[in-house]
Trainee: 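A single structure is presented below for examination.
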Amino acid sequence: MDEEDDLTPEEIDALFEQTQPIGNALNAVYQAELIVAAAATPIPAHVRARLDATLRDLTDDEDAP
């Protein structure tokens, strides 16, 4: 039997709360890695053209009062 099997639900909750900042920090590092990877990956030309066209459509002032 593991030591963990002897823990009460309250003890488990307390341990979880103690390790939550570590989990939050790991998640932040993971999210930062995704951002860096996305920034380092060039957007394909056909995707860039579609994004540009969509932005032009959204910012078109022809329908403005």
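Just so you know, these numbers come straight off a predicted model, no measurement behind them.
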Trainee: Show me the donor-acceptor pairs within less than 3.5 Å that the side chains of residues 39-54 make with the rest of the protein, sequence neighbours left out.
Mentor:
{"unit_1": "Thr41", "atom_1": "OG1", "unit_2": "Ala37", "atom_2": "O", "d": "2.7"}
{"unit_1": "Thr54", "atom_1": "OG1", "unit_2": "Arg50", "atom_2": "O", "d": "2.9"}

Trainee: Using a 4.5 Å cut-off between side-chain heavy atoms of Ile, Leu, Val, Met, Phe, Trp and Tyr, which other residues end up in the same hydrophobic cluster as Leu34?
Mentor: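 Cluster partners of Leu34: Tyr30.
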Trainee: Would Asn27 and Gln31 count as a side chain to side chain contact (heavy atoms under 4.5 Å, CB included) if you check the C-alpha gap in whole Å, the side-chain angles of each, and the deciding distance to 0.1 Å?
Mentor: CA-CA 6 Å; Asn27 186 46; Gln31 295 295 326; 3.6 Å; yes
Trainee: Got a list of side-chain donor-acceptor pairs under 3.5 Å for residues 10-24, not counting sequence neighbours?
Mentor:
{"unit_1": "Glu10", "atom_1": "OE1", "unit_2": "Thr8", "atom_2": "OG1", "d": "3.4"}
{"unit_1": "Glu11", "atom_1": "OE1", "unit_2": "Thr8", "atom_2": "N", "d": "2.8"}
{"unit_1": "Glu11", "atom_1": "OE1", "unit_2": "Thr8", "atom_2": "OG1", "d": "3.4"}
{"unit_1": "Thr19", "atom_1": "OG1", "unit_2": "Leu15", "atom_2": "O", "d": "3.2"}
{"unit_1": "Thr19", "atom_1": "OG1", "unit_2": "Phe16", "atom_2": "O", "d": "3.1"}
{"unit_1": "Gln20", "atom_1": "NE2", "unit_2": "Asn24", "atom_2": "OD1", "d": "3.1"}

Trainee: For Val36, what are the other residues in its hydrophobic cluster, where any two members join if their side-chain heavy atoms are less than 4.5 angstrom apart?
Mentor: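 Val36 clusters with nothing; isolated.
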Trainee: Looking at residues at least two apart in the chain, or sitting in another chain, which of them share a side-chain contact (heavy atoms from CB on, under 4.5 Å) with Asp57?
Mentor: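 side-chain contact (heavy atoms from CB on, under 4.5 Å) list for Asp57, sorted by chain: empty.
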